[in-house]
Asks: 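This structure is in structure tokens; I'll ask about it shortly.
Counting convention: from 1, in listed order, for ligands and their atoms alike. We number each residue from 1, following the sequence as shown.
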Amino acid sequence: MEKLKVGIVGYGGLGHIHAGSLVGYDDVKVTCICDIDPEKFVQTESEINFKVDKAWLDINTVNTYEKFEEMLEKEEIDVLVSALPTDIHADYAVMALNKGINVFSEKPMSISVEGCQKMIDAKNKSGKELMIGQCVRFWHEYEYIKSCIENGRYGKLYSVIMQRTGCYPGGWFLEGERSGGALLDLHVHDMDWVNYTFGPKPDSMIASGLVGKTGEVDDCNVLMKYGDVLVSIRGSWIEHSPFCCYIKANFEKATAEYRGDWGEVRVTCSDGVTKETIKIDKPNAYITELRYFLDTVKGLHKNEICPPESTIESIRLALLEREIIKSK
Ligand SMILES: NC(=O)c1ccc[n+]([C@@H]2O[C@H](COP(=O)([O-])OP(=O)(O)OC[C@H]3O[C@@H](n4cnc5c(N)ncnc54)[C@H](O)[C@@H]3O)[C@@H](O)[C@H]2O)c1
């Protein structure tokens with residue numbers, strides 16, 4: 001069987017994580033990597049907000065480039081994995097799609113709705129696949145809670161409370177026009193899950209927040225109503241405590257909670273005493289989302305979980321929240 005040839009652009013934190021996932025697949029070969037900073041090629045560890053990982057890919061087995069255009073010209077690849085700073089997600093995805101390459105591009109989809117639309121237009125024109133790495137859609141504990149909302153396991157849903165907080169990252173993330181600040185970079189994960197679970201159009205939205213070091217909204221709280229379900233999300237980079245992601249769903253018959261460092265969903269039943277623990281033993285969400293995308297490219301299924309026509313709506317929702325916050 002012919003292996004899918006994969007190129008990676010942006011070999012920083014997430015580029016290393018995705019390369020590590022890809023070396024685990026038999027039907028894929030990473031053939032080339034591009035980064036403007038050649039030191040990244042020899043970096044042996046990668047760090048993202050909650051995880052330090054070993055560099056699993058042997059860099060000597062791939063061609064390396066410092067210019068993306070040169071890599072596109074010289075290499076024949078089936079799939080591009082893009083883990084670039086957010087302000088250039090759209091332009092690089094469009095360049096690859098225009099060359100007939102399938103693109104997996106990191107979240108957030110783009111810094112603007114116009115950028116997202118350009119990506120969708122290029123995808124439609126090329127007939128290739130495009131998926132954004134909104135990994136929380138593939139996070140098994142969030143999936144479990146979503147399934148309980150849909151199958152009524154714990155009865156009617158009353159409210160969902162979400163949180164994603166930590167301290168400021170460094171580098172380009174501190175430039176609001178490149179990262180979008182905490183609202184677009186971090187909080188968008190939860191906004192995207194809410195869009196995925198409840199839809200892109202809440203009946204109402206109230207939001208408040210603070211503009212921080214990035215010149216963008218770095219601390220935010222949003223309250224939304226979907227019918228009679230209340231959704232509340234907090235996102236922040238202004239904290240000094242360790243990174244924390246959290247979700248709590250209050251149902252008629254139970255409360256289901258998950259926190260990133262627990263590694264399990266904890267359920268407390270309505271008597272306040274009966275507890276249930278749901279441990280999910282599956283490959284992590286980064287591995288799962290990439291596998292899902294590669295199988296989409298191979299024609300094994302349609303991209304129903306994370307199509308770009310849905311992730312653009314998460315950017316629209318996040319930017320609406322930003323507009324409300326900034327108008328006050
Ligand atoms: N899904 C998640 O959980 C998650 C977590 C962290 C970051 N991200 C997203 O992934 C993207 C990358 O974040 P990161 O933490 O890996 O950042 P990073 O700074 O560690 O990596 C970005 C890399 O891109 C390179 N680069 C910049 N401009 C380039 C260009 N023109 N051509 C080639 N290479 C270029 C940089 O040198 C750097 O190595 C961001 O959009 C971020 O929001 C997603």
Asks: What distance separates Lys248 NZ from Arg266 CZ, expressed to the nearest 0.5 Å?
Replies: 13.0 Å
Asks: Less than 6.0 angstrom separating the ring centers of Tyr258 and Tyr142, yes or no?
Replies: yes
Asks: Could you go through Gln117 and Glu114, starting from their C-alpha distance and side-chain angles, then the distance that decides it, and tell me whether this counts as side-chain contact (heavy atoms from CB on, under 4.5 Å)?
Replies: CA-CA 5 Å; Gln117 191 57 54; Glu114 294 71 30; 5.6 Å; no
Asks: Quick one: which ligand 1 atoms are inside 4.0 Å of a heavy atom on Asp185?
Replies: 42 (C), 43 (O)
Asks: Applying a strict 4.0 Å limit to heavy atoms, is Pro108 in contact with ligand 1?
Replies: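 Under 4.0 Å: yes for Pro108.
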Asks: Is it possible for you to say whether Ile111 and Leu317 belong to one hydrophobic cluster, with membership spreading through side-chain heavy-atom contacts below 4.5 Å?
Replies: no
Asks: So is His89 close enough to ligand 1, meaning a heavy atom under 4.0 angstrom away?
Replies: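 Flag set, His89 near ligand 1.
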Asks: Nearest non-hydrogen contact with atom 35 (C) of ligand 1 belongs to which option: Leu84, Val9, Ile111?
Replies: Leu84
Asks: Heavy-atom contacts with Tyr92 under 4.0 Å: which atoms of ligand 1 show up? List them by number with element.
Replies: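 So the atoms of ligand 1 that pass are 30 (C), 31 (N).
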Asks: Can you find an N or O of Gly13 that's nearer than 3.5 Å to an N or O of ligand 1?
Replies: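 Among all N and O atoms of Gly13, at least one is under 3.5 Å from an N or O of ligand 1.
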Asks: Quick check for you: to the nearest 0.5 Å, what is the distance between Leu22 atom CG and Arg291 atom CZ?
Replies: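 Result: 9.0 Å between the selected atoms.
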Asks: Can you name the atoms of ligand 1, numbered from 1 with element, that are less than 4.0 Å from a heavy atom of Lys40?
Replies: 37 (O), 38 (C), 39 (O)
Asks: Kindly confirm or rule out a cation-pi arrangement of Lys213 over Tyr168, judged by NZ or CZ under 6.0 Å from the six-membered ring centre and within 45° of its axis?
Replies: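 Relative to the ring axis of Tyr168, which defines the angle, Lys213 lies inside both limits.
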Asks: Would you check whether His189 reaches within less than 4.0 Å of ligand 1, judged by its heavy atoms?
Replies: yes
Asks: May I ask you to check whether Glu129 and Asn303 show a side-chain donor-acceptor distance below 3.5 Å?
Replies: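 Note: Glu129 and Asn303 side chains miss the donor-acceptor criterion.
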Asks: May I have the step-by-step check of side-chain contact (heavy atoms from CB on, under 4.5 Å) for Tyr92 and Leu80, ending in yes or no?
Replies: CA-CA 10 Å; Tyr92 279 62; Leu80 178 75; 5.6 Å; no
Asks: Should one rank Ser82, Ala83, Gly10 by closest heavy-atom distance to atom 22 (C) of ligand 1, which comes out on top?
Replies: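 Among Ser82, Ala83, Gly10, the closest heavy atom to atom 22 (C) of ligand 1 comes from Ala83.
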Asks: So is there a nitrogen or oxygen of Trp172 less than 3.5 Å from a nitrogen or oxygen in ligand 1?
Replies: yes
Asks: Using the ring of each side chain (for Trp, its six-membered ring), is Trp139 parallel, tilted or perpendicular to Tyr286, with breaks at 30° and 60°?
Replies: perpendicular
Asks: Short list, please: which atoms of ligand 1 are under 4.0 Å from a heavy atom of Thr86?
Replies: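 It comes down to these atoms of ligand 1: 40 (C), 41 (O), 43 (O).
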Asks: Who gets closest to atom 42 (C) of ligand 1 by heavy atom: Lys107, Met71, Glu106?
Replies: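 Result: the heavy atom closest to atom 42 (C) of ligand 1 is in Lys107.
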Asks: Does an N or O from Leu14, backbone or side chain, lie closer than 3.5 Å to an N or O of ligand 1?
Replies: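 Min N/O separation from ligand 1 is below 3.5 Å for Leu14.
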Asks: Which atoms of ligand 1 sit under 4.0 Å from any heavy atom of Ile88?
Replies: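 Answer, ordered by atom number: 28 (N), 31 (N).
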Asks: When rounded to the nearest 0.5 angstrom, what distance separates OG1 in Thr255 from NZ in Lys275?
Replies: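 Answer for the OG1-NZ pair, Thr255 versus Lys275, is 9.5 Å.
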Asks: I'd like to know whether ligand 1 has Gly171 as a neighbour, heavy-atom separation below 4.0 Å.
Replies: no
Asks: How does Tyr286 reach ligand 1, by side chain, by backbone, by both or by neither, if only non-hydrogen atoms under 4.0 Å count?
Replies: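 It is the side chain that gets close, since no backbone atom is under 4.0 Å.
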